[in-house]
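Here is the naming used below: chain letters follow the sequence lines, and residue numbers restart at 1 for every chain. It should be emphasised that the depicted structure is a prediction, and the values quoted were computed from it without experimental measurement. Only heavy atoms go into these numbers, but all of them, side chains included; no hydrogens, no water, no symmetry mates.
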Number of protein chains: 2
Amino acid sequence: MDLKNVTMKDIARYTGVSTATVSRVLNDNYPVNIETKQKVLKAIEELNYEPNLVAKNLRSRKSNLVAIVVADIKNPYYISIAKEIDDYLFEEGYNLITCSTDESIEKETDIIRLLLSKQIDAVAIAPSDSEKSKLTELIKKHVPIVLVDRKIDDLSIPFVGTNNFKEAYNLTEYLIKKGHEKIGVMTGKLNTSTGKERLKGFKMAMENHGLTVDEKWIFNGDFEEIQAYEVLSQFLKNKQDLPTALVSCNNLMTKGTMLALNEHSIRIPEDISIVSIGVMENHEFFSTKITSVEQDTSFMGKKVAELLLSQLQNKQKLKNIVVESAFIKGNSVKELN
Amino acid sequence: MDLKNVTMKDIARYTGVSTATVSRVLNDNYPVNIETKQKVLKAIEELNYEPNLVAKNLRSRKSNLVAIVVADIKNPYYISIAKEIDDYLFEEGYNLITCSTDESIEKETDIIRLLLSKQIDAVAIAPSDSEKSKLTELIKKHVPIVLVDRKIDDLSIPFVGTNNFKEAYNLTEYLIKKGHEKIGVMTGKLNTSTGKERLKGFKMAMENHGLTVDEKWIFNGDFEEIQAYEVLSQFLKNKQDLPTALVSCNNLMTKGTMLALNEHSIRIPEDISIVSIGVMENHEFFSTKITSVEQDTSFMGKKVAELLLSQLQNKQKLKNIVVESAFIKGNSVKELN
DNA sequence: TATGTAATAGTAAACGATTACTATAAGCAC
DNA sequence: GTGCTTATAGTAATCGTTTACTATTACATA
């Protein structure tokens, strides 16, 4: 039974009115005789009618779908942002779909094309490449966008994120004040705003304190755990001399770093000090808690949702939102003074 | 510019053929003259045509949307499963939308209704209540379902999960073998299969070893961190005597438990031993690593995806899949012998 | 009485794709 | 020439809604 869905047509036939009237009852946007209305509502109840949103969407040229496109949706940082956005948008009748680009610009481009085909209503995105991202495709079709975490300067798209330069600067300075001079950095992807700015912050802090950055301690990470693990493992395998401290440019790479150090029995902070931009899950239970800065992802998600909704509802207020991040003091930094 | 999307009609007009022909070129499912075909393809290129999937979906009565409905999509356990499903389905042209019920049956019912309206193609679900879940609504509309993690017995729906009874039994027995007799349990929701079976496993292990279960050490959790934290905090505030060991019935509650114990300066395992069904993120870095069983969520996700796809593609093979879980030995259990 | 307007409801055209039918022409066998 | 098949392509219906038009009635106003 019930092989075919009940449609407005069925309701119309059942009650002897036109589909237009049924639609009007459902949307309550046009005067309908009270008795007719009740008859229709009764039929809807009896036949267990449920609207077909695909049809509705075709007619309205919308999809009630919003996407969040990030490098890796398994990253707790993005998860937390996404969940918050989802909660807010769900209230307004939107569903969120999450897309991971795995930092590949090709995949990101494919995803954007697919989203356009799906008539996506809005997109929150952390572009995997600040130059090559095909955001113009979205702009051309007037799809509202919010940049999350990663910025793109030339396009005037609202942005929600943190002050990456400052985060890196402060953490590096913290190390310096503890007496560290031989400091390395595990960088993020340098074709993203976050990667660039964090490295810049690191270098500036070094420079301002008259320290030079040793090239061999600049580890080229890509924001992912594996790469950080491998780059550092390679370095350690060659028995090169370690810096006394290392700045890790995101949470995933901090994990990769810790795993590599663990494997070589290098202790934190006895043998090397670590600071991290971004926290690891459950770090409060760690034997060595990593000193880090923590972003308020719930707040960020909320702000992203607000910016998305304000664009969807044409209440344009397109300002950028830079969220302050918190300093978390752990015990991963050795006092050298 | 480009306010309106380019449609097949535009391509048809531009090339002087009918929309039927354009459709045939695009789908390559009907003979089209080679020159006509090239002309159409050229127009598609030039006008930058992209298909409208909403229209396609209306016509085909599908949505290319699959949903995963769980208590809390922020739970790393579900995230990992979801990500795996997403990856597999994306390859086949489906998008995954994630829905959190927050363990509320009302919310779950609303979600199911919404999904039906969206013409959802398939649903993976961990029902928030094994009795009251409105899966019949989905079944009535012939929407393929896969039960994830939580089972429902009477409906014959394929299931992917673990042997919850055995997991609880083994962990409890492990404690007993270490000499523990005063053992408590932080239960999950008892209106779910996982909650019920884990408690049953715990009780059976106790019984089989001639131990009695003290009611005051049965803590009524609901699988969520907060509830576990609060129930235990309340207990500790009343200065009641502790069991020597506690079985926690999922990862989130283990966290709540640890937080509550921390706050009261109760040490693991010196003051109380803890075992957990399910692992916490990054537990490899914990000062006290919790002895637990770990589910292979990637494998589970893969199996769920397979079952979903096989139903979507009518290759019915509806067997249940029970995944073996791994025993992780930590240092959270004190030897009492 | 003539006229304006509000309530009520139906008709039919959209939205953008797919496809069952139908039609034409060409090629081939007899 | 007749009949059959195949390649090719158009027409128009369809998926399930919404809505611009149009139409009718009732009632108030001048």
Side-chain angles (χ1 to χ4, degrees), chain A residues 2-41 43-44 47-65 93 114 116-121 141, chain B residues 2-41 43-44 47-65 93 114 116-121 141:
Chain A
D2 227 346
L3 254 173
K4 230 165 140 303
N5 278 328
V6 177
T7 68
M8 288 195 355
K9 219 174 185 169
D10 299 314
I11 302 296
R13 199 163 23 223
Y14 190 77
T15 47
V17 300
S18 70
T19 58
T21 300
V22 176
S23 171
R24 285 161 185 154
V25 169
L26 283 165
N27 295 300
D28 201 20
N29 55 2
Y30 196 86
V32 173
N33 181 281
I34 181 73
E35 284 168 29
T36 313
K37 188 187 239 169
Q38 275 157 3
K39 210 165 50 177
V40 170
L41 288 175
I44 285 172
L47 301 188
N48 195 22
Y49 166 82
E50 295 286 348
N52 180 324
L53 293 183
V54 174
K56 207 168 186 158
N57 287 336
L58 174 58
R59 172 69 209 214
S60 63
R61 298 162 183 267
K62 317 201 308 104
S63 64
N64 287 310
L65 239 38
L114 177 66
L116 282 169
S117 273
K118 286 206 175 261
Q119 314 302 110
I120 198 82
D121 287 342
K141 308 277 184 181
Chain B
D2 228 347
L3 253 173
K4 230 165 139 303
N5 277 328
V6 177
T7 69
M8 285 194 358
K9 219 175 185 170
D10 299 315
I11 303 295
R13 198 163 23 221
Y14 189 79
T15 47
V17 301
S18 70
T19 59
T21 300
V22 177
S23 171
R24 284 160 187 156
V25 169
L26 282 166
N27 294 301
D28 203 18
N29 56 1
Y30 196 87
V32 174
N33 181 280
I34 179 73
E35 284 169 29
T36 313
K37 188 186 236 169
Q38 274 158 3
K39 211 165 48 177
V40 169
L41 288 174
I44 285 171
L47 301 188
N48 196 21
Y49 167 82
E50 296 286 350
N52 180 325
L53 294 183
V54 174
K56 207 168 187 160
N57 288 336
L58 174 58
R59 173 67 210 216
S60 64
R61 297 159 182 268
K62 320 200 304 108
S63 64
N64 287 309
L65 241 36
L114 178 66
L116 282 169
S117 272
K118 286 203 177 260
Q119 316 299 111
I120 198 81
D121 288 342
K141 307 277 184 178

Would you mind reading off the distance between [X] atom [atom1] and [N] atom [atom2], rounded to a whole angstrom?
X: A:L26; N: D:dT19; atom1: CG; atom2: C1'; value: 14 Å
X: B:N5; N: C:dA14; atom1: CG; atom2: P; value: 18 Å
X: A:N27; N: D:dT17; atom1: CG; atom2: C1'; value: 9 Å
X: A:R13; N: D:dG16; atom1: CZ; atom2: P; value: 11 Å
X: B:N57; N: C:dT18; atom1: CG; atom2: C1'; value: 12 Å
X: B:L53; N: C:dC15; atom1: CG; atom2: P; value: 18 Å
X: A:D10; N: D:dG16; atom1: CG; atom2: C1'; value: 10 Å
X: A:Y14; N: D:dG16; atom1: OH; atom2: C1'; value: 20 Å

Note to self: For the helix from C:dT1-D:dA30 to C:dC30-D:dG1, what angle separates the axis at the start from the axis at the finish, each from five pairs, in steps of 10°?
What the structure shows: 60°
Checklist line | side chain to side chain contact (heavy atoms under 4.5 Å, CB included) assessment of B:L65 paired with A:K118 | finding: CA-CA 11 Å; B:L65 241 36; A:K118 286 206 175 261; 3.9 Å; yes
Next item on the list: Among residues two or more places apart or on two chains, list those pairs meeting salt bridge (charged side-chain N to carboxylate O under 4.0 Å, His left out) that have a residue in residues 10-34 of chain A.
Entry: A:D10-A:R13, A:D28-A:K37
[X] side-chain proximity, nearest of [options]:
X: B:V17; options: C:dT18, C:dG16, D:dG10; value: D:dG10
X: B:T7; options: C:dG16, D:dT18, C:dG10; value: C:dG16
X: B:A20; options: C:dT18, D:dT11, D:dT18; value: D:dT11

Next item on the list: Dump the intermediate steps for side chain to side chain contact (heavy atoms under 4.5 Å, CB included) on B:T7 and B:T19, then the final yes or no.
Entry: CA-CA 9 Å; B:T7 69; B:T19 59; over 6 Å; no
Next item on the list: Sort out for me which residue in A:V22, A:V40, A:L47 forms a side-chain contact (heavy atoms from CB on, under 4.5 Å) with A:Y14.
Entry: A:L47
Base, sugar-phosphate alone, or nothing: which one does [X] contact when heavy atoms must sit under 4.0 Å apart?
X: A:S23; result: base
X: B:V22; result: nothing
X: A:T21; result: sugar-phosphate

Item checked: Whichever of B:A55 and A:P31 has its nearest DNA chain C nucleotide further upstream toward 5' -> A:P31
Notebook entry, point to check: Is a side-chain donor or acceptor of A:D121 paired with a backbone partner of A:K62 at a separation under 3.5 angstrom?
Noted result: no
To the nearest 0.5 Å, how far apart are [atom1] in [X] and [atom2] in [Y]?
X: A:S23; Y: A:N29; atom1: OG; atom2: CG; answer: 6.5 Å
X: A:L53; Y: A:S60; atom1: CG; atom2: OG; answer: 9.5 Å
X: A:K39; Y: A:I34; atom1: NZ; atom2: CD1; answer: 12.5 Å
X: B:T15; Y: B:Q38; atom1: OG1; atom2: CD; answer: 13.0 Å

Note to self: Pair B:M8, B:N52 - check side chain to side chain contact (heavy atoms under 4.5 Å, CB included), show working.
What the structure shows: CA-CA 9 Å; B:M8 285 194 358; B:N52 180 325; over 6 Å; no
Output one line per pair: protein atom, nucleotide atom from nucleotides 21-23 of chain C, and distance, for all N/O pairs under 3.5 Å.
none

Check: Per the atom types in the model, does the base of D:dT18 pair as donor or acceptor with the side chain of A:R59 at under 3.5 Å?
Finding: yes
Next item on the list: List for me each residue that meets side-chain contact (heavy atoms from CB on, under 4.5 Å) alongside A:E50, sequence neighbours excluded, and say none if there are none.
Entry: A:N48, B:R113, B:S117
Check: Mapping A:S60 and A:K9 onto DNA chain D by nearest heavy atom, which one lands closer to the 5' end?
Finding: A:K9
Next item on the list: For the pair A:I44 and A:L26, evaluate side chain to side chain contact (heavy atoms under 4.5 Å, CB included) and give the outcome as yes or no after the intermediate values.
Entry: CA-CA 9 Å; A:I44 285 172; A:L26 283 165; 3.6 Å; yes
Margin query: Please list, in numerical order, the residues of residues 33-41 of chain B that have a heavy atom closer than 4.0 Å to any atom of DNA chain C.
Written below: none
Note to self: When you measure from the side-chain N and O atoms of A:K56 to the phosphate of D:dG16, is any distance below 4.0 Å, counting only OP1 and OP2?
What the structure shows: no
Checklist line | B:R61: salt bridge (Lys or Arg N to Asp or Glu O under 4.0 Å) partners, not counting sequence neighbours | finding: none
